[in-house]
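Computed from a prediction, not measured in an experiment: that's the story for all the values here. In what follows, residues are counted from 1 in the order of the sequence shown.
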Amino acid sequence: MFSLGSWLPALPGLAWGWTLLDVLLQGESPPGRHGDGSGTSWGTRVTRCCLFPAGLVGACAVSVLCSLLKVYLYIQCLNDPERRAEKEAIRAQRRVLELLHVVVLTGVLALVGSRVAALVVLEFSLRAVSTILSLGKGAHSSQLYLLCQYSLGCGVSCGLSFLLEGAPHGTCNLALAAGLAGLLAAYARRLARHVCTLYELHSRARYCGVCIFLLAAGHGIPQLLRNALAVTFAVADLAAVALINRDFLSTAEAVRFWTPLTICYTLLVIYMQGEK
């Protein structure tokens, strides 16, 4: 398998460091003799889907969602004089808090187990479907964008880990995914800061190409987010089901797990529909 050590000089003192970096990126346990105390042998793939690289990608996905929502809400508040207080509150958000949010979310997603992340994704998918059905055809709830943030992080990290499991270049793929996700999140935050600072001036003077584009097509941001979330959670749901079924030794065990869970969630959806 491709590893960082194959690209670097063969220095005995650094061999352990390259091995540790490889296993952290690929989600493997370090090689050894006795195991890691969690029921897995050393050198085998750990069944935790949300280690640091995948968790970082999930946190960056949430950051992109928040930045685009910030752009859309600021433009909407700017067009409504009665929402001036909301506009100032959006503009006053601090950059340090945004970075802290990404760091904390990365740590949380890195500590969450595969089964927990999979169940979070499935639970939110059912709640989202129930909410959309209760709203009726053509209606959408803006609350879903706020409620889906943690589930989105779990879904992205879960789906990424499942898709890259057993890949011949897992280390390179995870590092590339984390780098691209961080770059995309940084540009999204930069766009949000630009809009909050200069959009009002540039949209009047027709000076900035980005602001002119947002002036013409900014109303389509919710539709873009809905399509992106639909694709993301569709992939995440398939990955979640596969990750949960992987731990069962037989079909009978899987049936015993899924049957009560399906019944409970179905009753929950029916209850929520009745309340609404």
Side-chain angles (χ1 to χ4, degrees), residues 1-5 17-31 36 38-40 42-67 98-125 148-189 228-247:
M1 178 180 288
F2 172 84
S3 65
L4 292 177
W18 306 141
T19 303
L20 179 61
L21 182 58
D22 274 342
V23 299
L24 286 177
L25 288 174
Q26 297 181 25
E28 296 178 353
S29 55
D36 58 3
S38 62
T40 61
W42 292 68
T44 60
R45 184 166 297 276
V46 178
T47 58
R48 300 176 64 86
C49 72
C50 295
L51 295 178
F52 178 78
L56 177 60
V57 176
C60 290
V62 176
S63 178
V64 172
L65 173 65
C66 293
S67 297
E98 296 176 357
L99 296 177
L100 180 62
H101 177 245
V102 173
V103 172
V104 172
L105 189 57
T106 300
V108 171
L109 293 175
L111 294 175
V112 171
S114 59
R115 281 200 173 192
V116 176
L119 290 175
V120 168
V121 171
L122 294 176
E123 187 271 339
F124 176 79
S125 299
C148 77
Q149 294 184 20
Y150 179 68
S151 301
L152 174 63
C154 289
V156 171
S157 58
C158 180
L160 181 64
S161 298
F162 174 76
L163 293 175
L164 294 181
E165 183 177 4
H169 304 293
T171 300
C172 183
N173 292 334
L174 280 174
L176 180 62
L180 292 177
L183 186 64
L184 184 60
Y187 274 104
R189 288 196 301 270
L229 289 174
V231 173
T232 300
F233 278 102
V235 176
D237 288 337
L238 295 176
V241 173
L243 287 172
I244 293 175
N245 287 335
R246 182 179 59 185
D247 296 329

Do you know which two heavy atoms are closest between Val62 and Gly153, and how far apart they sit?
CG2-N, 3.8 Å
Side chain to side chain donor-acceptor pair (under 3.5 Å) filter on Ser63, not counting sequence neighbours, yields Arg189
Over all heavy atoms of both residues, which pair between Val121 and Cys154 is shortest? Give the atoms and the distance, please.
CG2-C, 3.9 Å
Nearest heavy-atom pair of Leu105 and Ala59: which atoms, and what distance?
CD2-CA, 3.9 Å
In terms of heavy-atom contacts, Ser157 and Gly55 come closest through CB-N, 4.1 Å
Contact between Val57 and Leu174 at the side-chain level, heavy atoms closer than 4.5 Å - yes or no?
no
Considering all heavy atoms, the nearest Val112-Ala117 contact
CG1-N, 3.6 Å
Distance check, rounded to the nearest 0.5 Å: Glu98 atom CD versus Cys66 atom SG?
8.5 Å
Compare all side-chain heavy atoms of Val156 with those of Leu109 and state whether any distance is below 4.5 angstrom.
no
Let's go through Leu122 and Val241 carefully: what are the C-alpha distance in whole Å and the side-chain angles of both, what is the deciding distance for side-chain contact (heavy atoms from CB on, under 4.5 Å) to 0.1 Å, and is it a yes or a no?
CA-CA 8 Å; Leu122 294 176; Val241 173; 4.2 Å; yes
Measuring only between side-chain heavy atoms, which start at C-beta, is Leu65 closer than 4.5 Å to Cys148?
yes
Only counting residues at least two apart or in another chain, list the ones meeting side chain to side chain donor-acceptor pair (under 3.5 Å) with Gln149.
none
Under the 3.5 angstrom rule, does the side chain of Ser161 hit a backbone N or O of Cys158 as a donor-acceptor pair?
no
Please report the closest heavy-atom contact between Gly159 and Ala239, naming both atoms and the distance.
CA-CB, 3.8 Å
In Å, rounded to the nearest 0.5 Å, how long is the span from OH of Tyr150 to CZ of Phe124?
13.5 Å
